[in-house]
Amino acid sequence: LYVLPYVSLVLEKERHMRRMVTIYNRNRPKHERLKVCALYGDLTLSNSSILRTHILVCTIEKANFVANCLISMNKASSLGSVVIGEYIIS
């Protein structure tokens, strides 16, 4: 879960991650390929899509949504790491 404060940063990071994952996925069988998704604004993902996504780039509001979904499904342990980027605390 990669959390960013603005939609523009989410979109930029998603593009970057997709480029990296494309290289990684190049010669891998389908079941070993990584999947990247962005989640912001009015976009939603089903519970099964959340579980199938390896790298989810999102805004803080959607990160809260994803965390609540995982907790409600008893799948919080499937969350490998959370990266919070580009935040400035004043």
Would a 4.5 Å heavy-atom cut-off, applied to side chains only, mark [X] and [Y] as touching?
X: I60; Y: N64; answer: no
X: I50; Y: F65; answer: yes
X: L70; Y: S78; answer: yes
X: V57; Y: L11; answer: no
X: V3; Y: T59; answer: no

State, to 0.1 Å, how close L43 and L39 come at their nearest heavy-atom pair, and which atoms those are.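 Heavy atoms only, the tightest pair is O-CD1, 3.3 Å.
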Heavy-atom closest pair, residues L4 and G85: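 Taking every non-hydrogen atom into account, CD2-O, 3.5 Å.
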side-chain contact (heavy atoms from CB on, under 4.5 Å) partners of K35, counting only residues at least two apart: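 By the side-chain contact (heavy atoms from CB on, under 4.5 Å) rule, K35 matches C37, T53, H54.
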Spell out, yes or no, whether I71 and L79 are grouped together once hydrophobic residues are joined by side-chain heavy atoms under 4.5 Å, including indirect joins.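 No, I71 does not connect to L79 through the hydrophobic network.
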Do M20 and V10 share a hydrophobic cluster, counting only Ile, Leu, Val, Met, Phe, Trp and Tyr and linking them when any side-chain heavy atoms are less than 4.5 Å apart?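 Linked within one cluster.
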Within 45 degrees of the ring normal and closer than 6.0 Å to the centroid, is that where the cationic atom of R28 sits relative to Y24?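 Yes - R28 lies over the ring of Y24, closer than 6.0 Å to its centre and within 45° of its axis.
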List the steps, then state whether side-chain contact (heavy atoms from CB on, under 4.5 Å) holds for V66 with L56. CA-CA 9 Å; V66 169; L56 183 56; 3.5 Å; yes
Using a 3.5 Å distance criterion without hydrogens, assess whether the side chain of K62 forms a donor-acceptor pair with backbone atoms of G41.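 Yes.
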Show me the pairs that pass salt bridge (charged side-chain N to carboxylate O under 4.0 Å, His left out) and involve residues 14-24, at least two apart or across chains.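 The answer is E14-R18.
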Spacing of [X] atom [atom1] and [Y] atom [atom2] [to the nearest 0.5 Å]:
X: N27; Y: E32; atom1: CG; atom2: CD; value: 11.5 Å
X: N47; Y: R52; atom1: CG; atom2: CZ; value: 10.5 Å
X: K13; Y: Y2; atom1: NZ; atom2: OH; value: 3.5 Å

Apply side-chain contact (heavy atoms from CB on, under 4.5 Å) to residues L1 and C58 and explain how you reach the verdict. CA-CA 7 Å; L1 190 61; C58 61; 3.5 Å; yes
